[in-house]
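The block underneath contains the structure these notes are about, expressed in structure tokens.
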Amino acid sequence: MTTESPLSDADYEAFRLEVEAFAQSQCPADLRERVRSNAKLGREDYAAWQRILNARGWAAPGWPEAFGGTGWDMRQRYLFELVMAERDCPPQYHHGLGHIGPVLLHFGTPEQHARFIPGILDGSDWWCQGYSEPGAGSDLAALKTRAVREGDEYVVTGQKIWTSHAHEADWMYTLVRTSSEGRKQEGITLLLIPLNSPGIRIQPIQTIDAWHHVNEVFLDEVRVPVANRLGEEGGGWKCAKFLLDRERLAPAIVVRLERLLQQVAAQVQVSPHGTGPFAERLLLAEAEVRAARELLLSAIDDEMNGRLRASKSSALKLHCSELAQRIIGIAFDALGPRRAARFVPLAEDGALQVAEDDQSNMIHNYLFYRSRTIAGGTSEVQKNVIARELFGV
């Protein structure tokens with residue numbers, strides 16, 4: 001269903017019912033159960049759902065129709081994400097569709113569109129982000145991974161860290177330094193690097209949640225065709241800002257929080273102490289979730305009318321990151337003491353084993369959510385964005 005805005009309330013309601021019928025009939029029961037239990041989803045889970053959405057023509061809710069997207073407005077995208085969360089359908093994998101995809105559409109050549117877009121839409125190509133480095137996290141412009149041009153190739157040497165899903169990915173969109181002259185932002189270039197290239201080594205980083213999702217990526221004289229450069233040489237910072245500006249207004253963030261709160265409330269109810277000791281915290285969390293929803297709807301209205309400011313997107317990201325930690329913290333306090341001894345027993349080889357049940361998954365998520373105020377721009381970065389816009393500092 002693709003329409004031109006503005007739609008009537010009746011049109012939006014018909015759209016919501018259409019999405020609900022699809023979610024109920026097309027999302028596999030076993031996949032919905034994994035989502036409902038807050039299990040760690042991997043490439044196979046995401047790709048299976050992406051193939052189903054692609055067959056329906058809903059592969060890219062945020063993309064224009066000309067590139068295989070739905071052409072939906074922001075309110076339709078919100079309703080789509082709301083229904084998918086309510087029905088325990090998986091979120092879509094964000095690195096391809098939400099991150100590098102829009103950058104490709106905007107800065108890519110027709111040849112790059114033809115090469116990369118189909119694999120993002122049907123889920124056959126899996127992407128990861130090569131941005132952060134040791135010493136270059138929030139200060140991303142301090143990156144040191146260097147690319148030297150030799151004819152029709154760049155030779156890339158350096159290291160990336162905290163690279164989510166690199167062990168499952170086919171490609172890494174990678175910021176590299178091609179010049180040290182001028183402002184440090186001016187010497188950065190964006191390259192699309194196949195991860196099966198000679199000279200690449202991927203090493204897992206073990207995190208406290210016992211789920212393998214982040215890695216170090218080492219690049220030792222990796223040869224990358226100039227045709228894999230996105231945008232102009234030295235234009236990588238512009239691409240990165242384009243990505244980040246669009247990353248923070250994501251309807252899925254809020255609606256998944258609403259579903260998480262429902263799941264946490266259900267888990268607390270069957271905990272040894274019941275809901276009683278946590279009733280006030282649950283009530284306050286519900287109020288904060290409703291506030292997040294109103295902020296999102298306000299931002300959607302601003303976006304549809306061309307007046308969205310970066311500070312509102314940053315305020316939404318800041319609020320939701322911290323709220324997610326508070327919500328999952330309720331589950332941890334209710335379930336943690338009883339589950340701790342059986343949480344992550346060591347296997348014979350010393351590796352951590354991950355229990356797969358609702359309550360253990362809640363504890364894994366509690367530890368994973370510690371990163372919510374860092375990933376996608378730290379809370380401190382969001383506060384700086386808000387301060388600069390509101391106070392001109």
Side-chain angles (χ1 to χ4, degrees), residues 12-13 15-24 27 31-41 49 61-62 72 74-94 98 247-271 275 278-303 312-335 358-359 361-362 364-366 368-369 371-373 375-376:
Y12 285 120
E13 177 60 15
F15 174 78
R16 187 191 66 78
L17 292 173
E18 180 184 1
V19 175
E20 187 164 298
F22 175 84
Q24 287 276 47
C27 189
L31 191 51
R32 291 171 66 177
E33 177 56 26
R34 285 182 56 74
V35 175
R36 187 205 62 76
S37 66
N38 287 286
K40 172 76 168 65
L41 302 183
W49 183 229
W72 294 339
M74 282 297 298
R75 186 171 170 187
Q76 287 174 297
R77 289 173 57 190
Y78 167 74
L79 291 172
F80 174 80
E81 298 291 355
L82 177 64
V83 171
M84 292 302 166
E86 289 175 342
R87 299 305 170 193
D88 292 324
C89 300
Q92 290 177 273
Y93 183 66
H94 59 285
E247 178 185 358
R248 289 164 190 159
L249 182 58
I253 294 175
V254 175
V255 298
R256 295 284 167 179
L257 272 185
E258 292 183 277
R259 183 66 180 123
L260 177 65
L261 179 59
Q262 294 170 359
Q263 293 168 324
V264 167
Q267 288 294 330
V268 169
Q269 194 168 18
V270 299
S271 69
T275 303
F278 306 99
E280 182 178 357
R281 290 170 66 185
L282 288 168
L283 187 62
L284 290 173
E286 181 181 357
E288 290 190 275
V289 167
R290 291 189 181 188
R293 184 199 308 155
E294 292 304 314
L295 182 59
L296 171 63
L297 293 175
S298 173
I300 288 173
D301 184 67
D302 287 349
E303 174 70 13
K312 182 170 285 188
S313 296
S314 288
L316 184 64
K317 197 276 181 188
L318 174 66
H319 178 68
C320 289
S321 297
E322 296 178 350
L323 177 55
Q325 293 178 342
R326 288 193 289 274
I327 291 173
I328 203 71
I330 299 171
F332 184 82
D333 290 344
L335 305 171
D358 289 14
Q359 294 186 357
N361 284 336
M362 281 289 185
H364 285 289
N365 274 283
Y366 169 81
F368 171 70
Y369 278 22
S371 66
R372 282 292 182 93
T373 48

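Values in this document were obtained by computation on a predicted structure and should not be read as measured data. Just so you know, residue 1 is the first one in the sequence shown, and it goes up from there.
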List the atom of Trp49, the atom of Pro90, and the distance in Å for their closest heavy-atom pair.
NE1-O, 3.3 Å
Check: Arg293 and Glu258 side chains under 4.5 Å, non-hydrogen atoms
yes
Residue of the set Leu261, Leu318, Leu257, Leu260 for which side chain to side chain contact (heavy atoms under 4.5 Å, CB included) holds with Leu323
Leu257
Considering only heavy atoms from C-beta outward, does the side chain of Leu295 approach that of Val254 to under 4.5 Å?
no
Check Glu286 with Arg290, please: is the shortest side-chain N to carboxylate O separation under 4.0 Å?
yes
For Asn365, check side chain to side chain donor-acceptor pair (under 3.5 Å) against everything at least two apart and list the hits.
none
Output the distance between atom CD1 (Ile330) and atom OG1 (Thr275), rounded to the nearest 0.5 Å.
10.5 Å
Going by atom types only, do Lys317 and Ser321 share a side-chain donor-acceptor pair under 3.5 Å?
yes
With a 4.5 Å limit on heavy-atom distance, are the side chains of Arg256 and Pro91 in contact?
yes
Of Arg34, Arg259, Arg36, which meets salt bridge (Lys or Arg N to Asp or Glu O under 4.0 Å) against Asp88?
Arg259
Going by the angle between their ring planes, with limits at 30° and 60°, are Phe15 and Trp72 parallel, tilted or perpendicular?
perpendicular
dist Ile328:CD1 -> Phe368:CZ (nearest 0.5 Å) comes out at 11.0 Å
Is Arg372 positioned over the aromatic face of Tyr369, cation under 6.0 angstrom from the ring centre and no more than 45 degrees off axis?
yes
I want to check something: taking the side chain as every heavy atom from C-beta on, are Arg281 and Arg326 in contact at a cut-off of under 4.5 Å?
no
What are the two closest non-hydrogen atoms of Val255 and Tyr78, and how far apart are they?
CG1-CE1, 3.7 Å
Residues Val83 and Arg16: closest non-hydrogen pair is CG2-CG, 3.7 Å
Side chains of Met362 and Phe332, heavy atoms from C-beta outward: is any pair under 4.5 Å?
no
Return the minimal non-hydrogen interatomic distance between Tyr12 and Leu79, and the atom names on each side.
O-CD1, 3.7 Å
Asn38 side chain vs Asn361 backbone, donor-acceptor pair below 3.5 Å:
no
Minimum heavy-atom separation for Ala292 and Leu316, please, with both atom names.
O-CD1, 3.8 Å
Which pair of heavy atoms, one from Ala23 and one from Met84, lies closest together, and at what distance?
CB-SD, 4.1 Å
Thr373 meets the side chain to side chain donor-acceptor pair (under 3.5 Å) criterion, sequence neighbours left out, with Gln325
Nearest 0.5 Å please: distance from the CD atom of Glu20 over to the CZ atom of Arg87.
4.0 Å
Would a 4.5 Å heavy-atom cut-off, applied to side chains only, mark Gln262 and Val289 as touching?
no
